[in-house]
Q: 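My questions all concern the structure below.
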Amino acid sequence: MQNPVAKHYLWTVGEGIEDQPSGTLLADRYLLKTNRIAVDTRPELLPDIPSEISDQISPYLKLFAYRLHIPQVYGVISPAKGTNHKPIILLEKGPIATHGETLMPTLAALWPDATAMRQLNWLWQIAQLWQPLTRQEVASSLLNSHLLRVQGRFVRLLQLDLDIHNPTLKQLGYFWQQWVPTAQPQIQKFLRQLTHQMISGELRTSTQLIQQLDQALSICGRGYHRRIEIAAGTDAGPTRSHNEDACYPEGSKPILVPVTEPALAIVCDGIGGQDGGEVASSMAIDVLRQQVEQMPLHQANWDPLSLTPKLKRATCIANDMICQRNDDENRQGRERMGTTLVMALAHIHEIYLIHLGDSRVYWISSSGCHQVTVDDDVASRQVRLGCALYRDALQQGASGALIQALGITSSVTLHPTVQRFPLDEDCVFLLCSDGLSDRDRVEQYWEAEILPVLRQEVDLATVRDRLIEIANTQNGHDNVTIALLLITVVPKDDPDAQKEICIPPVIPLTDELGDDSSDTNDAEDSSMETVIGRPRPVQSGVKKIWFLSLGIAVLLGILGALLYGLGMFNHDPQAQPTDTPTPTDSLSNPPTSTPTASATSLLKLQSLIKLGNPIANSKPITLLTEFGKNTVKGTVPEGTVFQVQQKQSTPQGGTWVEVKICSTPTTKASVNGQLSQVDATQPLSSPYTPVTPSLQAGNQGWLPEQEINNRLIPNFSPVGQDKGQCTP
């Protein structure tokens, strides 16, 4: 059965095209609709391909990995002979409405009515695109309100405009300022401060900008429940004698993932024939499961900068174990077993997608179906290198041959893709082998077969079985394996979740994040992906670390000699050892009146701590509304148990810790049996003066880390009543 020929609605770019009236037939083929939209009246024919890749077309090709946001070049309309006109470029898969008559709405038009999470998500996507578009000298496209369109949660660019001048983050900050007044109240202050730092130059790189938006998305994400259900299955198909594919999780019934656990799904399409492909795919799933289970994936450990490389390392470990098995069995050439890989890990408010080979991930929501991954095949490589249009590359010999897969070679030459996306709407992620995705079966059937599960008209297991049936009857040439993740996002009913979300002021970040301009590998990079195994210039960094280490060692040696000479070392075998802070500790934690070496190690995210008052006549514990500010939120008595929520630092204000009150002790009565109110601005007359707390369990606020270290009760082991409203 052949696919029905789909209509191709195209956006036209070229000199004089805006003056052409509706109804004009261009090149005897492209019927011009309203608003520069054309429809191909002969889609069964290949479009004209440019004889050479011009500077105007090249950025679309080299940014092929960003096709969630950037249209693709469909073909060109060559100018009439004897004219000096440039070719008209035809763009497909752009922000054109489904019916093909109008464009999708601009970001500016939908901004005021979007949720805070969606507003941050849109800005996060623009920040992700900034550096790759800058490298291709088309970043000014992100400063044009007319070009910035949205399709649900996705930012879509109408076209790419070549830069006349080099755009900067300062200009982007000015551009974003127009949206601050209509931002949702809980993020308005954050965006005002963010754009100020962009304009002032305190944020110097898009990496720093992304980190600030990541932090805001994380805090906003706490106001939502996410329900995740997974169904996976595999089938040998009607023509194969055995099944080389594998999937996780297994079982006929869908799995509802507990809220406290990460959601994991894996699809592998084995390569290497019987006793090869199925071994590789099963090995890959076993190793990856073990690796993910060892990762600290509690909400307190959310950190995309560390989780992304961990997922890359896990993929490399799986690769090298299969590769070693090949070597041990002396497999050579086509006998070497391997497997493709698509893996999804939903963690807190994000989903991470890991990809190798030509198995795919599709993202389906009420606004559309999007292929997230880019096949690791010859055709895609030709496009990303800027050598050919995708439609033309598919016509070349061996265009579908894989350029990499798991287990074939050492991980030194492996380049798996890791992508991450914030989740702010109900959606389905489909992971599938090419047994289903070939011949565009997903694009053909998603609306009829997958979309109903979002409307609760059908269950996930039925959708899985139906897709396997479609793969077997409509394709049928291969094994088929799929995994479906149904993600439902619902605002919390908890009144505290509906309150204004307090997002701390943005923080100038250190130079350790590096400069965006250091990475210039356009063909292998992606705004939403991280390529493994790419060599980075490290020589200067190594020199700096070596000299720094040498200097620290010399200083410590001199300090040790001085202390020894002054008789400050205690040689008494009965004496307790004293922790010596490292040079980095001394930089981040200023000296206090009480030892802080053990205290600092206890201030881990989500850990429970108890604060006392070891210093007589000092002030009570006063929580502040914002870190680094003097806005008092309230006081709590000595002996209160807190949970560490997050840390923030500023060069001027030091380190601050956001804490949540888990439980408070019973307030003691004074001699006359009356409770007395204590002024938080005055010192206590004695450590036993009763305090009426103005804050209760569940409230949150900020404390200087130094004050926490001064008051921290050592060796505190919380019992049930201490935990109160906190979960360690």
Q: Please test V490 against Y224 for side-chain contact (heavy atoms from CB on, under 4.5 Å), starting from the C-alpha separation and ending with a verdict.
A: CA-CA 5 Å; V490 181; Y224 294 85; over 6 Å; no
Q: Just to verify, what does W122 make a ring pair (Phe, Tyr, Trp, His ring centres under 6.0 Å) with, not counting sequence neighbours?
A: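 Once residues adjacent in sequence are excluded, W122 has no partner under the ring pair (Phe, Tyr, Trp, His ring centres under 6.0 Å) criterion.
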Q: Looking at I266, L297, L353, which hits side-chain contact (heavy atoms from CB on, under 4.5 Å) with L345?
A: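 The single option meeting the side-chain contact (heavy atoms from CB on, under 4.5 Å) with L345 is L297.
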Q: Does a donor on one side chain and an acceptor on the other come within less than 3.5 Å for Q72 and Y74?
A: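 Distance-only check fails for Q72 and Y74.
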Q: Are E202 and S200 linked by a side-chain donor-acceptor pair shorter than 3.5 Å?
A: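 There is such a pair (donor and acceptor under 3.5 Å, judged by atom type) between the side chains of E202 and S200.
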Q: Does any part of the side chain of D377, heavy atoms only, come nearer than 4.5 Å to the side chain of I403, both counted from C-beta?
A: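 With C-beta onward as the side chain, the pair stays apart.
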Q: Test side-chain contact (heavy atoms from CB on, under 4.5 Å) on L68 and V155 and set out the steps.
A: CA-CA 8 Å; L68 277 175; V155 172; over 6 Å; no
Q: Describe, in one word, how the ring planes of W363 and F421 are oriented to each other, choosing from parallel (under 30°), tilted (30 to 60°) and perpendicular (over 60°).
A: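 Answer is perpendicular, since the angle exceeds 60°.
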Q: Can you check whether F190 reaches I219 side chain to side chain, under 4.5 Å on heavy atoms?
A: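 Of all side-chain heavy-atom pairs linking I219 with F190, none is under 4.5 Å.
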Q: So do the side chains of L341 and P416 get within less than 4.5 Å of each other, counting heavy atoms only?
A: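 L341 does not reach P416 side chain to side chain.
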Q: With Q56 as reference, evaluate P59, S58, S54 under the side-chain contact (heavy atoms from CB on, under 4.5 Å) test and give the passing residue.
A: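 Exactly one candidate clears the test, S54.
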Q: Is any side-chain heavy atom of L406 closer than 4.5 Å to a side-chain heavy atom of L414?
A: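 They are in contact (side-chain heavy atoms under 4.5 Å apart), so the answer is yes.
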Q: Evaluate Y352 against T308 for side-chain contact (heavy atoms from CB on, under 4.5 Å), listing each step before the verdict.
A: CA-CA 8 Å; Y352 292 73; T308 297; 3.8 Å; yes
Q: Mind checking the NZ-CG spacing from K170 to L172? Nearest 0.5 Å is all I need.
A: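 K170 atom NZ to L172 atom CG measures 13.5 Å (nearest 0.5 Å).
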Q: State, without any angle test, whether Q186 and Q188 hold a side-chain donor-acceptor pair at a distance under 3.5 Å.
A: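 Note: Q186 and Q188 side chains miss the donor-acceptor criterion.
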Q: Between CG of D375 and OG of S380, what distance do you get to the nearest 0.5 Å?
A: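 Going from CG on D375 over to OG on S380, the span is 5.0 Å.
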Q: Calculate, to the nearest 0.5 Å, the distance between atoms CZ and OH belonging to R384 and Y66 respectively.
A: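 Reported to 0.5 Å precision, the distance equals 8.0 Å.
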Q: State, to 0.1 Å, how close L142 and L157 come at their nearest heavy-atom pair, and which atoms those are.
A: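 Closest pair (atom of L142, atom of L157, distance): CD2-CD1, 4.0 Å.
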Q: Compare all side-chain heavy atoms of L91 with those of V73 and state whether any distance is below 4.5 angstrom.
A: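 Yes, close enough: below the 4.5 Å cut-off.
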Q: Roughly how far, to the nearest 0.5 Å, is CG of D214 from CG of L209?
A: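 Reported value, rounded in 0.5 Å steps: 9.5 Å.
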Q: Does any non-hydrogen side-chain atom of L485 lie less than 4.5 Å from one of V428?
A: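 In short, these two side chains do not touch, never coming nearer than 4.5 Å.
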Q: Before giving the answer on side-chain contact (heavy atoms from CB on, under 4.5 Å), spell out for L430 and I364 the whole-Å C-alpha distance, their side-chain angles and the decisive distance to 0.1 Å.
A: CA-CA 8 Å; L430 167 64; I364 296 97; 4.1 Å; yes
Q: Looking at CD of E137 and CG of D163, how far apart are the two atoms once the value is rounded to the nearest 0.5 Å?
A: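 Answer for the CD-CG pair, E137 versus D163, is 6.5 Å.
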Q: Is it the case that the side chain of K492 and the backbone of R222 share a donor-acceptor pair, with hydrogens and angles ignored and the cut-off at 3.5 Å?
A: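 Pair found, side chain donor or acceptor close to backbone of R222.
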Q: Rounded to the nearest 0.5 Å, how far does CD of Q208 lie from CE of M198?
A: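 It is 11.0 Å, given to the nearest 0.5 Å.
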Q: If you count every heavy atom of other residues, nucleotides or ligands that lies below 6.0 Å from K93 atom NZ, does the total exceed 12?
A: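 Open.
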Q: W11 and E92: side chain to side chain donor-acceptor pair (under 3.5 Å), yes or no, with the steps?
A: CA-CA 7 Å; W11 178 249; E92 66 173 334; over 6 Å; no
Q: What verdict does the ring pair (Phe, Tyr, Trp, His ring centres under 6.0 Å) test give for Y362 and H370, after you've listed the backbone C-alpha separation in whole Å, the side-chain angles of each residue and the deciding distance to 0.1 Å?
A: CA-CA 5 Å; Y362 291 88; H370 304 272; over 10 Å; no
Q: Measure from the ring center of W656 to the ring center of W702 and say whether it is less than 6.0 Å.
A: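 Centroid separation for W656 and W702: 6.0 Å or greater.
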Q: Given side chains that start at C-beta, do those of Q128 and I210 come closer than 4.5 Å, heavy atoms only?
A: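 Yes, their side chains come closer than 4.5 Å.
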Q: Consider only side-chain N and O atoms of Q159 and D161, and report whether a donor and an acceptor are under 3.5 Å apart.
A: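 Yes, D161 and Q159 have a side-chain donor paired with an acceptor closer than 3.5 Å.
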Q: Are R153 and E425 close enough for a salt bridge, meaning some N to O gap below 4.0 Å?
A: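 Looking at R153 and E425, the cut-off is not met.
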